[in-house]
Amino acid sequence: QVQLVESGGGLVQPGGSLRVTCAASGFTLEYYTIGWFRQAPGKEREGVSCASSADGSIYYADSVKGRFTISRDNVKHMAYLQMNSLNPEDTAVYYCAVRPRISTTAKTMCVNVNSVTSDGYWGQGTQVTVSS
């Protein structure tokens with residue numbers, strides 16, 4: 001069955017870096033748009049970065065532009081989010097998600113969070129805490 005398993009979260013000091021990883025199984029990652037989302041306590045889930053394999057487009061939320069980098073390895077069925085210059089506002093549970101690439105662009109997937117539930121899949125999340 002389809003599985004997305006995140007790892008790599010943890011505690012990091014402000015200004016530090018962290019890479020979270022998503023291992024995909026049960027489907028062919030190449031045919032899916034991937035995305036990273038996050039949810040902080042008391043806040044709605046938001047799209048952080050998404051990447052399409054159909055047209056190569058990549059979307060970043062304004063809050064992470066220049067600091068975060070999304071990447072994917074379709075052969076290894078892996079997705080990554082490299083996070084640099086972390087600040088306390090980045091503290092959240094980070095989720096990996098996928099949607100069929102035929103049904104969405106990278107930006108659409110990230111902006112319309114609920115669309116993932118309609119025809120995509122979510123991972124279980126990994127906690128990232130930025131604190132001194």
Side-chain angles (χ1 to χ4, degrees):
Q1 74 273 23
V2 172
Q3 271 197 316
L4 298 170
V5 180
E6 300 95 333
S7 61
L11 174 64
V12 62
Q13 291 188 340
S17 298
L18 205 62
R19 188 178 80 158
V20 289
T21 297
C22 176
S25 61
F27 64 102
T28 304
L29 185 62
E30 177 183 1
Y31 301 131
Y32 286 76
T33 298
I34 62 170
W36 286 96
F37 298 78
R38 67 185 181 186
Q39 188 165 18
K43 294 188 176 182
E44 293 187 352
R45 192 170 299 188
E46 62 174 353
V48 175
S49 181
C50 295
S52 169
S53 63
D55 60 6
S57 62
I58 294 178
Y59 170 87
Y60 292 101
D62 288 342
S63 58
V64 306
K65 276 181 184 176
R67 301 188 299 122
F68 289 13
T69 303
I70 190 172
S71 61
R72 60 192 295 164
D73 187 328
N74 292 333
V75 175
K76 294 182 178 179
H77 298 280
M78 301 288 288
Y80 310 94
L81 185 68
Q82 177 67 42
M83 303 182 289
N84 299 327
S85 302
L86 286 161
N87 58 63
E89 289 71 38
D90 296 316
T91 295
V93 177
Y94 283 72
Y95 297 90
C96 173
V98 296
R99 286 189 66 196
R101 68 181 187 184
I102 196 172
S103 62
T104 187
T105 64
K107 181 177 180 179
T108 298
M109 179 174 176
C110 259
V111 171
N112 300 322
V113 177
N114 290 334
S115 68
V116 176
T117 305
S118 65
D119 64 1
Y121 302 93
W122 290 101
Q124 85 288 349
T126 185
Q127 176 70 47
V128 173
T129 301
V130 184
S131 175
S132 55

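Just so you know, these numbers use all the heavy atoms, side chains as well, and skip hydrogens, waters and symmetry mates. Note that this is a predicted model, so its numbers are computed, not measured.
The only option from Ser71, Ser17, Ser49 that meets the side chain to side chain contact (heavy atoms under 4.5 Å, CB included) definition with Gln82 turns out to be Ser17.
Using a 4.5 Å heavy-atom threshold, the side chains of His77 and Ser25 count as separate. Between Val20 and Glu6 there is no side-chain heavy-atom pair separated by less than 4.5 Å. Between Val128 and Asp90, every side-chain heavy-atom pair lies at or beyond the 4.5 Å cut-off. Inter-residue side-chain proximity for Phe37 and Val116 is flagged as met; some heavy-atom pair is nearer than 4.5 Å. Looking at Asn87 and Pro14, their side chains never come closer than 4.5 Å, going by heavy atoms from C-beta outward. Side-chain atoms of Met83 and Arg67, non-hydrogen and from C-beta on, never get closer than 4.5 Å to each other. Arg38 is not listed as a side-chain neighbour of Leu81, based on a closest heavy-atom distance of 4.5 Å or more. Residues Trp122 and Arg45 meet the side-chain proximity criterion, which asks for heavy atoms closer than 4.5 Å.
Once rounded to the nearest 0.5 Å, the distance linking OG1 of Thr69 with CG of Asn84 reads 6.5 Å. The distance from atom CD1 of Ile70 to atom OH of Tyr60, rounded to the nearest 0.5 Å, is 6.5 Å. For the atom pair CD1 of Ile34 and CD1 of Ile58, the computed distance is 8.5 Å after rounding to the nearest 0.5 Å. To the nearest 0.5 Å, atom CD of residue Glu44 and atom CG of residue Asn114 are 8.0 Å apart. The CE atom of Met109 sits 14.0 Å away from atom CZ of Arg101, with the distance rounded to the nearest 0.5 Å.
Looking only at distances, a side-chain donor or acceptor of Thr91 sits under 3.5 Å from a matching main-chain atom of Val130. A donor-acceptor contact shorter than 3.5 Å is absent between the side chain of Gln39 and the backbone of Ala92. Using modelled atom types, one side-chain atom of Arg72 and one backbone atom of Leu29 make a donor-acceptor pair closer than 3.5 Å. Remark: the backbone N or O of Lys76 is paired with a side-chain donor or acceptor of Asp73 at under 3.5 angstrom. Side-chain atoms of Thr28 do not come within 3.5 Å of backbone N or O of Glu30 as any donor-acceptor pair.
Here the shortest heavy-atom pairing between Asp119 and Ser103 reads OD2-OG, 3.1 Å. Taking every heavy atom of both residues into account, Trp36 and Tyr80 meet most closely at NE1-O, 3.3 Å. Annotation for Val2 and Gly26: closest pair CG2-O, 4.1 Å, computed over non-hydrogen atoms. Of all heavy-atom pairs between Leu4 and Ala97, the closest is CD1-CA, 3.9 Å. Taking every heavy atom of both residues into account, Gly125 and Val93 meet most closely at CA-CG1, 3.8 Å. Ser53 approaches Asn74 most closely through the heavy-atom pair CB-ND2, 4.4 Å.
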Q: Let me see the working for Thr105 and Tyr59 under side chain to side chain contact (heavy atoms under 4.5 Å, CB included), right down to the final yes or no.
A: CA-CA 9 Å; Thr105 64; Tyr59 170 87; over 6 Å; no
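Ring geometry for Phe68 against Tyr94 counts as tilted: the plane angle lies between 30° and 60°, on a 0 to 90° scale.
In this structure, Tyr31 is a member of the same hydrophobic cluster as Val98, with clusters built from ILVMFWY side-chain heavy atoms closer than 4.5 Å.
For residues 1-77, the disulfide bond (SG atoms under 2.5 Å apart) pairs, not counting sequence neighbours, are Cys22-Cys96, Cys50-Cys110.
In this structure, the side chain to side chain donor-acceptor pair (under 3.5 Å) partners of Thr104, at least two apart in sequence or on a different chain, are Arg99.
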